[in-house]
**Q** 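What follows is a structure written as structure tokens; I'll ask about it next.
None of these values were measured; they are calculated from a predicted model. Values reported hereafter were calculated over all heavy atoms of this structure, with side chains retained and with hydrogens, waters and symmetry mates removed.
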Amino acid sequence: MTISAIALGERATHGLIDAAAGAVVALCALTVAHAALPARQAPPTPRPIQTVEAKAQPAQTTLIAFQDPLPGEEIASPFGLRQMPWEASGRLHAGVDIPAPSGERIRLAADGVIVRAGESSTYGRFAEVRHAEGLTTLYAHMGRIAPGVRSGVALKAGSTVGQVGSSGTSTGPHLHFEIRDAQDRPMNPDAFIGRAFATADELPLALARRVPNGVRIAHVSRIPTGKMQVTQARFIRRDGQAANLAAAREAVAAEAEPVGTAPVLGFRPKGPEAGKPAIPDFVVSTGADGRPKATLQL
């Protein structure tokens with residue numbers, strides 16, 4: 001091998017060494033430069049979408065709701081102390097009297113189960129229904145009890161109980177309607193009709209049991225047959241002017257008190273008779289001494 005060839009080989013070797021060294025230096029420079037760059041921030045982790053679940057609202061529950069048993073008709077004789085012409089003194093009228101035409105449909109006031117249905121000498125044809133919390137309603141003096149209304153039958157509010165009539169000790173076509181508590185104490189139906197109650201605490205039991213002050217003197221359009229003799233006897237005994245009814249009539253004929261258009265129990269003129277004064281057979285008024293006095297209207 002010549003000296004020239006040896007020299008060329010050494011130069012090539014030195015070139016490779018220099019190139020490798022240069023590559024190392026360049027790699028180190030790139031590493032340093034990369035380290036000097038600010039660190040790349042990792043992209044933010046997407047937040048999960050929070051869904052708000054709608055809470056189910058508790059359904060509005062109704063413990064008991066009372067409807068009007070005779071919609072559109074008015075109460076003529078309210079709950080409270082009342083004296084009829086054949087009675088010696090006032091006593092509790094344990095419900096309300098609602099006059100209506102004979103045959104008008106009577107509706108069940110609230111969901112319930114029939115306890116009794118039948119006929120008595122005083123209430124006439126009647127039905128008794130038990131409701132929530134032991135409350136009961138009574139429908140009396142009906143002309144007819146609806147088919148299927150018998151003990152143990154469950155009925156919805158608004159179902160037909162019967163028809164308006166004048167059975168039992170009645171002064172004319174009307175419904176006698178009562179509401180009683182679980183202890184069978186009478187309560188004022190006015191506190192319940194047309195209202196709904198969600199809980200037992202909402203029931204106005206204490207308020208409904210209050211009896212209004214004073215005695216209401218009843219004006220009636222007809223004396224029940226079974227009470228006619230008693231009424232006549234009381235009239236004669238009060239006036240003390242006659243030993244028989246004929247003489248009593250003569251005694252009061254000139255002093256009969258005007259009746260006017262005052263509400264009359266069991267009598268509400270309809271059609272052509274509407275607006276005309278209702279003339280009862282007997283009127284019980286309060287005399288100068290404060291005591292009830294019976295007057296016969298001729």
**Q** Classify the ring geometry between His174 and His141 as parallel (under 30°), tilted (30 to 60°) or perpendicular (over 60°).
**A** tilted
**Q** Would you say the side-chain atoms of Glu104 pair up with the backbone N or O of Ala100, donor to acceptor, closer than 3.5 Å?
**A** no
**Q** Please evaluate residues Tyr123 and Glu128 with respect to the criterion side-chain hydrogen bond (donor to acceptor under 3.5 Å, both in side chains), reporting the C-alpha separation (whole Å), side-chain torsions for both, the decisive distance (0.1 Å), and the verdict.
**A** CA-CA 11 Å; Tyr123 280 134; Glu128 183 180 1; over 6 Å; no
**Q** Is the shortest heavy-atom distance from the side chain of Glu133 to the side chain of Leu203 under 4.5 Å?
**A** yes
**Q** Which heavy atom of Ile145 sits nearest to which heavy atom of Gly118, and what is that distance?
**A** CD1-O, 3.4 Å
**Q** In this structure, would Val113 and Phe192 fall into the same cluster of hydrophobic residues linked by side-chain contacts under 4.5 Å?
**A** no
**Q** What is the minimum heavy-atom distance between Met187 and Arg180, and which atoms define it?
**A** CE-C, 3.7 Å
**Q** For the pair Arg125 (side chain) and Gly143 (backbone), establish whether a donor and an acceptor sit closer than 3.5 Å, ignoring hydrogens and angles.
**A** yes
**Q** Between CD1 of Ile98 and CD1 of Ile75, what distance do you get to the nearest 0.5 Å?
**A** 5.0 Å
**Q** What's the separation between atom OH in Tyr139 and atom CG in Leu70, rounded to the nearest 0.5 Å?
**A** 10.0 Å
**Q** When you compare the side chains of Thr136 and Arg130, does any donor N or O come within less than 3.5 Å of an acceptor on the partner?
**A** no
**Q** Whether Arg195 and Asp190 form a salt bridge (side-chain N of Lys/Arg under 4.0 Å from carboxylate O of Asp/Glu) is what I want to check.
**A** no
**Q** Do Met142 and Val164 come within less than 4.5 Å of each other through their side chains, counting heavy atoms only?
**A** no
**Q** CZ of Arg105: more than 12 outside heavy atoms within 6.0 angstrom?
**A** yes
**Q** Hey, are the side chains of His93 and His176 touching, using non-hydrogen atoms and a 4.5 Å cut-off?
**A** yes
**Q** What closest approach, in Å, do Arg210 and Phe79 show between heavy atoms, and which atom pair accounts for it?
**A** O-CE2, 3.6 Å
**Q** Would you name the heavy atoms of Asp97 and Arg82 that are closest together and state the gap between them?
**A** OD2-NH1, 3.0 Å
**Q** Taking the side chain as every heavy atom from C-beta outward, state whether Phe66 and Ile179 have any atom pair closer than 4.5 Å.
**A** yes
**Q** What distance do Leu175 atom CG and Ser170 atom OG have between them, rounded to the nearest 0.5 Å?
**A** 10.5 Å
**Q** When you measure from the side chain of Asn188 to the backbone N and O of Ala191, does any donor-acceptor pair fall under 3.5 Å?
**A** no
**Q** Examine distances only and state if a side-chain atom of Ser159 and a backbone atom of Lys156 form a donor-acceptor pair shorter than 3.5 Å.
**A** yes
**Q** Just wondering, are more than 12 heavy atoms of other shown residues or ligands nearer than 6.0 Å to CZ in Arg91?
**A** no
**Q** Any heavy-atom pair between the side chains of Val149 and Thr160 that's under 4.5 Å?
**A** no
**Q** Taking Ser151 for the side chain and Val115 for the main chain, is one N or O donor matched with an acceptor at less than 3.5 Å?
**A** yes
**Q** Any idea which heavy atoms bring Gln67 and Ala157 closest together, and the distance?
**A** NE2-CB, 3.6 Å
**Q** Find the distance between OG1 (Thr137) and CD (Glu178) and round it off to the nearest 0.5 Å.
**A** 10.0 Å
**Q** If you take all heavy atoms of Ile64 and Ala110, which pair is closest and at what distance?
**A** CG1-CB, 3.9 Å
**Q** Nearest 0.5 Å, what's the CG-CG distance between Asp111 and Leu63?
**A** 10.5 Å
**Q** Between Leu108 and Leu155, is there a side-chain heavy-atom distance shorter than 4.5 Å?
**A** yes
**Q** In Å, rounded to the nearest 0.5 Å, how long is the span from CZ of Phe177 to CG of Asp68?
**A** 8.0 Å
**Q** Does the side chain of Pro204 reach to within under 4.5 Å of the side chain of Phe197, using non-hydrogen atoms?
**A** yes
**Q** Is there a side-chain contact between Pro71 and Arg107 (heavy atoms, below 4.5 Å)?
**A** yes
